[in-house]
Amino acid sequence: MRLRNSWKLAAGVLAAAALLAGCSSGSSSGNSASPKVGLDLPRTDTDFWVAYEKYVPQEAKSLGVNLMTPTNSQNNISTLSSNVSTLVSQGAKAVVISPQDTGAVVGTLNTLSAKNIPVVSIDTRPDSGKVYMVVRADNQAYGTKSCQYLGQQLHGQGSVIDLEGDLSSINGRDRTNAFNACMKSQFPGVTVYGEPTNWDPSKGAAALQTVLTQHPDVKGIYMQASVFLDSTIQVLKSANKLVPAGQAGHISIISNDGVPQEYADIRSGEIDATISQPADLYAKYGLYYAQAALQGKTFKLGPTDHGSTIVSWGNGNFEDQLPAPLVTKTNVDDKSLWGNQSSS
């Protein structure tokens with residue numbers, strides 16, 4: 001297996017990015033007397049979530065948030081519930097979480113609501129329950145953009161493999177449903193082999209091997225997260241199908257996340273594109289909205305002054321949908337992308 005990047009984020013760039021355009025005025029004093037904000041990390045076994053973890057304390061300092069020591073639920077909903085309970089018992093007055101099982105988190109949300117503790121949900125949107133704000137990119141757009149890119153690469157003909165995320169998560173469902181709907185309506189000549197993976201790279205690798213054996217003429221791969229990057233490259237190498245972009249026999253690959261290694265693989269031609277999921281903005285606006293909740297601020301539907309759109313998703317809940325651009329060889333060196341604000 002290839003040695004993947006070990007990198008650190010450039011603090012100077014992030015500090016400059018920390019100035020908020022301001023959905024509304026005011027900020028916390030930033031001292032220990034400020035209300036405590038608890039934060040749970042969903043996992044630290046992927047480059048994306050490692051990046052998010054590194055941005056969190058820097059953004060907390062920039063915003064003056066009295067951030068407690070983050071907990072880590074390691075992709076386990078029971079651990080998340082326990083961690084949140086501990087944070088609250090230690091004085092958290094607002095909580096930032098990233099529930100990976102968006103159905104099972106409802107009980108935790110109900111408990112926090114009963115205690116009048118506002119919740120900001122990062123990356124995922126709970127299936128139900130009350131939150132102060134969801135901070136998330138438009139995951140349906142992920143699926144649609146990925147479909148359109150592969151459909152155009154294949155000129156509307158051939159077959160693709162979709163390494164689906166966990167369908168118990170709103171993200172996995174949104175990306176999968178949007179990808180399939182787009183292919184059906186815009187590229188009916190493309191066959192999609194959907195393979196559930198639960199965000200597990202070993203399951204993704206096994207599914208990819210099986211489909212390639214059964215359908216050796218596959219022309220495209222959609223990886224719904226960068227967690228599949230290493231295993232996909234290794235499977236293609238083993239099958240003698242890892243052909244650089246621009247050469248005959250190349251399998252077009254699009255990923256989702258925007259981690260530095262994806263950019264390196266786009267530059268080398270091993271993959272073609274990715275969707276940049278904003279790890280830096282997740283940290284910034286997750287903490288910003290937690291602070292805003294403690295200050296009693298309210299927000300309106302519609303465009304924000306930081307390039308996103310606040311939408312409603314039911315039961316009076318709001319979601320700030322942050323921009324997530326398509327990255328290809330034409331813009332992979334753009335310094336504004338968070339994945340380029342790090343060193344290998």
Side-chain angles (χ1 to χ4, degrees), residues 1-2 4 46 139-169 171-257 259 261-262 264-266 268-275 326-329:
M1 180 174 287
R2 295 182 298 175
R4 302 310 255 183
T46 71
N139 277 251
Q140 292 186 33
Y142 284 19
T144 300
K145 289 179 182 180
S146 298
C147 155
Q148 291 171 338
Y149 183 82
L150 285 181
Q152 291 165 6
Q153 292 293 105
L154 272 61
H155 304 289
Q157 299 294 325
S159 59
V160 300
I161 302 169
D162 178 7
L163 297 180
E164 301 171 345
D166 190 342
L167 299 184
S168 70
S169 161
N171 288 1
R173 294 197 298 273
D174 275 359
R175 297 178 198 188
T176 298
N177 293 340
F179 185 81
N180 290 339
C182 166
M183 281 297 184
K184 183 177 181 180
S185 63
Q186 298 185 30
F187 304 100
V190 174
T191 300
V192 177
Y193 301 114
E195 299 295 327
T197 67
N198 297 323
W199 306 120
D200 184 334
S202 62
K203 290 183 179 179
L208 180 59
Q209 287 177 324
T210 298
V211 174
L212 287 176
T213 298
Q214 296 173 345
H215 308 281
D217 59 342
V218 162
K219 302 299 183 185
I221 300 173
Y222 173 31
M223 303 185 300
Q224 291 193 12
S226 62
V227 69
F228 304 117
L229 191 59
D230 273 333
S231 56
T232 295
I233 295 298
Q234 292 304 314
V235 169
L236 292 177
K237 276 186 176 178
S238 298
N240 294 317
K241 290 182 175 291
L242 187 63
V243 178
Q247 296 186 20
H250 172 69
I251 295 177
S252 297
I253 304 172
I254 186 168
S255 184
N256 288 173
D257 273 344
V259 301
Q261 189 58 52
E262 288 174 307
D265 288 352
I266 290 172
S268 70
E270 291 189 341
I271 72 172
D272 300 77
T274 188
I275 307 292
L326 173 70
V327 180
T328 67
K329 205 156 191 175

Scanning both residues in full, the closest heavy-atom pair of Gln209 with Thr213 reads O-OG1, 2.8 Å
For the NZ atom on Lys184, are there more than 12 heavy atoms of other groups (residues, nucleotides or ligands in this structure) within a distance under 6.0 Å? no
Between atom OG1 of Thr232 and atom CD1 of Ile253, what is the distance when rounded to the nearest 0.5 Å? 6.5 Å
Where the side chain of Arg175 meets the backbone of Asn139, is there a donor-acceptor pair that is under 3.5 Å apart? no
Would you say the side chain of Pro244 lies within less than 4.5 Å of the side chain of Glu270, judging by non-hydrogen atoms? no
With a 4.5 Å cut-off on side-chain heavy atoms, are Leu229 and Asp265 touching? yes
Distance check, rounded to the nearest 0.5 Å: Ile161 atom CD1 versus Leu163 atom CG? 6.5 Å
Considering all heavy atoms, the nearest Phe179-Ser146 contact: CE1-C, 3.9 Å
How many angstroms lie between CD1 in Ile271 and CD1 in Ile266, if you round to the nearest 0.5 Å? 4.5 Å
Heavy-atom side-chain proximity of Ile254 to Leu326 below 4.5 angstrom: yes
Could you tell me whether the side chain of Asp200 and the main chain of Ser202 form a donor-acceptor pair under 3.5 Å? yes
Does any N or O in the side chain of Thr274 come within less than 3.5 Å of the main-chain N or O of Ser255, such that one atom is a donor and the other an acceptor? yes
Quick one: does Gln224's side chain have a donor or acceptor within less than 3.5 Å of a partner on Gly165's backbone? yes
Under 3.5 Å, is there a donor on one side chain and an acceptor on the other for Ser226 and Glu262? no
Side chains of Met183 and Pro188: closer than 4.5 Å at any heavy-atom pair? no
Is Lys219 reaching over with its side chain to a backbone N or O of Gly249, donor-acceptor style, under 3.5 angstrom? no
side-chain contact (heavy atoms from CB on, under 4.5 Å) between Val218 and Val211, intermediate numbers included: CA-CA 8 Å; Val218 162; Val211 174; 4.1 Å; yes
Quick check: do Thr328 and Asp272 have side-chain heavy atoms less than 4.5 Å from each other? no
In this structure, CD1 of Ile233 is separated from OG of Ser268 (nearest 0.5 Å) by 7.5 Å
Measure the CZ-OG distance between Arg173 and Ser168 for me, rounded to the nearest 0.5 Å. 7.5 Å
For Asn177 and Gln140, does a side-chain donor sit closer than 3.5 Å to a side-chain acceptor? no
Mark yes or no for whether Thr197, through its side chain, and Glu164, through its backbone, hold a donor-acceptor pair below 3.5 Å. yes
Would you find a donor on one side and an acceptor on the other, under 3.5 Å apart, between the side chain of Ser231 and the backbone of Phe228? yes
Got a second to check how far Asn256's CG is from Lys145's NZ, nearest 0.5 Å? 10.0 Å
Quick one: does Thr191's side chain get under 4.5 Å of Val160's, heavy atoms only? no
Could you tell me if Asp230 and Gln234 have a donor-acceptor pair between their side chains, going purely by distance under 3.5 Å? no
Ignoring hydrogens and geometry beyond distance, is a side-chain donor-acceptor pair present between Tyr142 and Asn171 at under 3.5 Å? no
Taking ring pair (Phe, Tyr, Trp, His ring centres under 6.0 Å) as the cut-off, I'd like each qualifying pair that reaches into residues 197-219, sequence neighbours left out, listed once. Tyr193-His215
Can you confirm whether Leu212 sits close enough to Leu236 that some side-chain heavy atom of one is under 4.5 Å from a side-chain heavy atom of the other? yes
Side chains of Asp257 and Ile275 in contact at under 4.5 Å (non-hydrogen atoms): no
